[in-house]
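Read through the structure below, which is laid out as structure tokens, and then see the notes.
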Number of protein chains: 2
Amino acid sequence: MTSQAEENYLKAIFKIAEKENKAVQTNAVAAAMQTTAASVTDMLKRLAEKNLIAYEKYRGVQLTDAGCRLATDLIRKHRLWEVFLVEKLGFAWDEVHDLAEQLEHVQGDELVQRLDTYLNNPRFDPHGDPIPDAEGRWEFRPQTLLANLEPGEQGIITGVQEHSTAFLQYLGQVGLTLGVSLQLVERIDYDQSVRVRLHDARELTLSEKVSKNLFLKIENT
Amino acid sequence: MTSQAEENYLKAIFKIAEKENKAVQTNAVAAAMQTTAASVTDMLKRLAEKNLIAYEKYRGVQLTDAGCRLATDLIRKHRLWEVFLVEKLGFAWDEVHDLAEQLEHVQGDELVQRLDTYLNNPRFDPHGDPIPDAEGRWEFRPQTLLANLEPGEQGIITGVQEHSTAFLQYLGQVGLTLGVSLQLVERIDYDQSVRVRLHDARELTLSEKVSKNLFLKIENT
DNA sequence: TAAAATTTTTAGACTAATCTAAAAATAATG
DNA sequence: CATTATTTTTAGATTAGTCTAAAAATTTTA
């Protein structure tokens, strides 16, 4: 059996490993978990003992197949619960993370399977992140940052890079949510901000920061 | 903040206090929590420190108003989640206890409130137990044990005294669930077993044990 | 009401998870 | 390549929650 603390470490390691394709460093985990390197070292020993990670002193860690599977299951549960909270209970997309963080630790395969069915086997969560299936596989969906669009190109919002409450709330306020279609009108050379046109012809100016955190699926017009 | 362990103790104390109207004994808590008296004593000190119980050495405990409120909130959450699991996810009434036991510890007032609304503010859980409202109050519903019915009297099943999987499964197998209407045909003197007639004219013989664990609302015919 | 039985508490130890401070290993730099 | 700087690990403590075994308090019984 894995404790909640262990599960949280596994998830953190998985997410760091997703971005960098080298062994995950102790300090990176400490930063992600908001704790000290010493605590991380202790936990890494425990996880290695349980064969959930391959750990070599001073050399960083990698998830084993078992650890990777556990992490994937956690992410599956987290994202399914997020769908539930938004679709069924009517929470906003910036309100569900902390609740899902708790719900993902509830044990019960049957529960996850039934929840999945109840939600009609969603493949993406309310932030556009893919939901692993019962076998731990998930769908890859090609998407581009708004920052990489050429003027004139058009796309549908499919996800966010940053998940902060502030960013999600801002997007919600200006009417940018998943599925919204927009066209890049112009990129300002001076500060790399972008002017975009929405479906209803309304125009918005978005900072470079925003454009580098918003994913779109480019539409052929 | 209260830990899950603390919450479980509060709930156990609440449930024992519900039945006996004297101070709750250490050993009773130990039995309910399936642990030792020594562990209970340790926990009682912690809970007293937090003013959740009134504790006097060797004299047993009572919940304070704060402790009682916390216990009630937990029961509210537990029973709401049970409704969710049965009504929305299609679990059987004998499968939901352990899952609800985990879900009840998820923190978030907004979550509970929205869940309650989503489920149409149910007043009773799948076993017929009352669900406290957001203020901690619940509905009293007069009900009688099948064992106390007179021959000829008729009633609707409203709840169970015992919550064991075995009992619930047995009831399910013979078609006895909440809302089922039945009439007491005869009580056998020899072993106090009862013969009952269902709505569809089918007759069943139920042991004394069953009749002492099944609640009914008597119907005036 | 004194002895026996029961209940409860204390004492001391253990594990998981965390911390700070110091030591050790690795990486970076002049 | 020797010396900093950084990263990581160890050492030693702390807290919550649990345990066993023994001591203390209370209750029951003769």
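We name chains A, B, ... by the order of the sequence lines, and we start the count at 1 in each one. Heavy atoms only: backbone and side chains are in, while hydrogens, waters and symmetry mates are out.
- In the set dC19(C), dA25(D), dT20(D), the nucleotide with an atom closest to the side chain of T36(B) is dT20(D).
- Heavy atoms only, all atoms of each residue included: T205(B) and S193(B) are closest at CG2-OG, 4.3 Å.
- Annotation: proximity of residues 37-48 of chain A to DNA chain D (heavy atom, distance under 4.0 Å) is found for A37(A), A38(A), T41(A), K45(A), numbered in ascending order.
- Panel note: side chain R59(A), backbone A23(A); no donor-acceptor pair is recorded below 3.5 Å.
- The CD atom of Q25(B) sits 10 Å away from the C1' atom of dT8(C) (whole-angstrom rounding).
- Straight-line distance from the CG atom of N8(A) to the P atom of dA16(C): 17 Å, rounded to whole Å.
- A distance-only check finds a donor-acceptor pair linking the side chain of N8(B) to the backbone of Q4(B) [under 3.5 Å].
- What separates CD of Q34(A) from C1' of dT18(C) is a distance of 15 Å, to the nearest Å.
- Straight-line distance from the CD atom of E7(A) to the C1' atom of dA17(C): 15 Å, rounded to whole Å.
- Of all nucleotides listed (dT8(D), dC19(D), dA27(C)), dA27(C) comes nearest to the side chain of R59(A).
- Nucleotides of DNA chain C nearest to M33(A) and V24(B) differ in position, and the one nearer the 5' end is that of V24(B).
- Residue contacts for T26(B): at a heavy-atom cut-off of 4.0 Å it reaches the sugar-phosphate backbone alone, with no base atom in range.
- In this structure, K22(B) atom NZ and dT26(D) atom C1' are separated by 14 Å, rounded to whole Å.
- Between H97(A) and H163(A), the ring center distance fails the sub-6.0 Å criterion.
- At whole-Å resolution of the value, CG in N27(B) and P in dT28(D) are 14 Å apart.
- In the set dT10(D), dT8(C), dA17(C), the nucleotide with an atom closest to the side chain of K57(A) is dT10(D).
- Side-chain N/O atoms of T35(A) include none lying less than 4.0 angstrom from OP1 or OP2 on dA17(C).
- Ion pairing of D42(A) with R46(A) is absent here, as no side-chain N (NZ or NE/NH1/NH2) approaches a carboxylate O to less than 4.0 Å.
- The side-chain tip of K88(A) points at the ring of Y118(A) from less than 6.0 angstrom away and within 45° of straight on.
- Here dT9(C) presents its C1' atom at 4 Å from OH of Y58(B), a figure rounded to the nearest Å.
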Given Q161(B) and L145(B), is the side chain to side chain contact (heavy atoms under 4.5 Å, CB included) satisfied, shown in steps? CA-CA 9 Å; Q161(B) 178 116 78; L145(B) 288 177; 4.0 Å; yes
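- In this structure, the nucleotide among dA24(D), dT7(D), dG17(D) sitting nearest to the side chain of S3(B) is dG17(D).
- Rounded to an integer number of Å, the gap from OH of Y9(A) to C1' of dA17(C) is 8 Å.
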